[in-house]
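Below: the structure, in structure tokens.
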Amino acid sequence: MLNKQLKPFILILSGPSGAGKTTLSNAVISTIPDTTTAVSHTTRPPRLGETEGKDYYYVDKASFLALRDKGEMLEYAEVYGNFYGTSQNSVAALLELGKNVILDIDWQGARKMKSHYPNAISVYILPPDEEESKNRLIARQQDSAEIISSRMSAYKEQESHQQEYDHTIVNDKLSDAIDQLLKILNYG
Ligand code: ADP
Ligand code: 5GP
């Protein structure tokens, strides 16, 4: 059973591209009732199969910076050459409804969100190794070779922040990683 003290929870997931954050987030959403992701804004173009308002709010740079300048972003960062940010509304509306909220954000955003929500649980997701991360990005078939190589060149830098997190999970066998994450959330 879910420990009532953890509900509603804010779960922050970070980690290198291809580590499995989206997959693990979806697993938590389908297991723990009333759990959802806060939809971020981004200036990167949608990937094949991504949906406006579900995966991200896709905006151009000027609109993103205007939102930021109006103070609507709880946090934002430039990641892999694009802006990404969590709006105040995207989190507050969910918390008001009593939802558990998952944030898939980078280490800069995680730091900031921890300062806003000190009880948030932060989990760093790692692939078994760098090569596997690359293989997963290739197998996902959503990014060009150029984008994959730019993400891989940031791998070491991303990885170097894992000690800032409450927990680290190596996502090797998916079912084990899901079990570990549910355990951290006191579920199951
Ligand atoms: P991220 O959101 O961290 O960039 P994804 O969740 O999109 O990563 O995962 C990248 C790819 O790897 C996806 O195609 C996903 O299905 C696959 N994947 C995720 N976890 C595992 C795993 N434990 N073993 C093998 N493939 C995985
Ligand atoms: P992707 O383009 O693969 O969806 O995301 C790239 C990176 O941006 C990932 O590390 C992801 O966690 C991060 N990211 C996504 N949304 C946000 C956000 O709102 N804020 C911050 N700081 N990072 C984000």
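Only this structure's heavy atoms are used, side chains among them; waters, hydrogens and symmetry mates stay out.
Crowding of Glu146 atom CD: a count of heavy atoms from other residues, nucleotides or ligands under 6.0 Å not exceeding 12.
Of all heavy-atom pairs spanning Ala177 and Asn171, the tightest one is CB-OD1, 3.5 Å. Between Ala110 and Ser14 the shortest heavy-atom distance is CB-OG, 4.0 Å. Of all the heavy atoms in Ser90 and Ser87, the pair that sits closest is OG-O, 2.8 Å. Closest approach of Tyr58 and Arg44 over heavy atoms only: CD2-O, 3.3 Å.
A donor-acceptor pair under 3.5 Å is formed between the side chain of Gln142 and the backbone N or O of Leu48. Judged by distance alone, the side chain of Ser144 and the main-chain N or O of Ile147 form a donor-acceptor pair under 3.5 Å. Between the side chain of Asp172 and the backbone N or O of Pro128 there is no donor-acceptor pair closer than 3.5 Å.
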Before you tell me yes or no, could you show the steps for Gln88 and Met73 under side chain to side chain contact (heavy atoms under 4.5 Å, CB included), namely the whole-Å CA-CA distance, both residues' side-chain angles and the distance that decides it to 0.1 Å? CA-CA 6 Å; Gln88 183 104 28; Met73 291 296 176; over 6 Å; no
Checking salt bridge (charged side-chain N to carboxylate O under 4.0 Å, His left out) for the pair Glu132/Arg136: CA distance, chi angles, key distance, verdict? CA-CA 6 Å; Glu132 174 62 12; Arg136 286 181 188 175; 2.8 Å; yes
Could you please spell out the steps behind the salt bridge (charged side-chain N to carboxylate O under 4.0 Å, His left out) verdict for Glu50 and Arg47? CA-CA 5 Å; Glu50 287 187 340; Arg47 291 192 189 111; 3.2 Å; yes
Hey, mind stepping through Leu24 and Val123 against side chain to side chain contact (heavy atoms under 4.5 Å, CB included) and telling me if it holds? CA-CA 11 Å; Leu24 288 168; Val123 183; over 6 Å; no
Run the side chain to side chain contact (heavy atoms under 4.5 Å, CB included) test on Tyr57 and Val39 for me, step by step, so that the C-alpha distance in whole Å, both residues' side-chain angles and the decisive distance to 0.1 Å come before the verdict. CA-CA 7 Å; Tyr57 297 111; Val39 180; 3.6 Å; yes
Run Tyr117 and Leu95 through side chain to side chain contact (heavy atoms under 4.5 Å, CB included) and show every step you take. CA-CA 12 Å; Tyr117 299 103; Leu95 291 177; 3.8 Å; yes
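Ile10 and Ile105 fall within the same hydrophobic cluster, defined by Ile, Leu, Val, Met, Phe, Trp and Tyr side-chain heavy atoms under 4.5 Å apart, directly or through other members. With hydrophobic clusters built from ILVMFWY side chains whose heavy atoms lie under 4.5 angstrom apart, Met113 shares a cluster with Leu94. Tracing side-chain contacts under 4.5 Å through hydrophobic residues (I, L, V, M, F, W, Y), one never reaches Tyr80 starting from Phe83; they form parts of separate clusters. The cluster map of Ile, Leu, Val, Met, Phe, Trp and Tyr, joined by side-chain heavy atoms under 4.5 Å apart, puts Ile32 and Leu174 in the same cluster.
You'll find the side chain of Tyr56 stays beyond 4.5 Å of the side chain of Val59, heavy atoms only. Using a 4.5 Å cut-off on side-chain heavy atoms (C-beta onward), Leu185 and Phe9 make contact. Taking the side chain as every heavy atom from C-beta outward, Ser17 and Leu137 approach each other to under 4.5 Å. Inter-residue side-chain proximity for Tyr124 and Ile12 is flagged as unmet; no heavy-atom pair is nearer than 4.5 Å. Taking 4.5 Å as the limit, every side-chain heavy atom of Tyr155 sits out of range of all side-chain heavy atoms of Ser160. Contact of the Pro16 side chain with the Leu126 side chain is registered, since non-hydrogen atoms from C-beta on lie closer than 4.5 Å. At a threshold of 4.5 Å between non-hydrogen side-chain atoms, the residues Val28 and Leu181 count as touching. A heavy-atom distance below 4.5 Å is found between the side chains of Ile148 and Met152.
The distance from atom CD1 of Ile178 to atom OH of Tyr187, rounded to the nearest 0.5 Å, is 13.5 Å. Residue Arg151 holds its CZ atom at 11.5 Å from OG of Ser149, rounded to the nearest 0.5 Å. The line from CH2 of Trp107 to CD of Glu159 is 14.5 Å long, rounded to the nearest 0.5 Å.
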Output a table of donor-acceptor pairs, distance under 3.5 Å, between side-chain atoms of residues 62-70 and any protein atom two or more places apart or on a different chain; print 'none' if there are none.
residue : atom : partner : partner atom : Å
Ser63   : OG   : Asp60   : OD1          : 2.6
Arg68   : NH1  : Tyr76   : OH           : 3.2

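Partner of Glu75 under the side chain to side chain contact (heavy atoms under 4.5 Å, CB included) criterion, out of Arg111, Lys114, Gln108, Lys112: Lys112 alone.
The side chain to side chain donor-acceptor pair (under 3.5 Å) pairs that include a residue from residues 19-42 are Thr35-Asn100, where partners are two or more places apart or lie in different chains.
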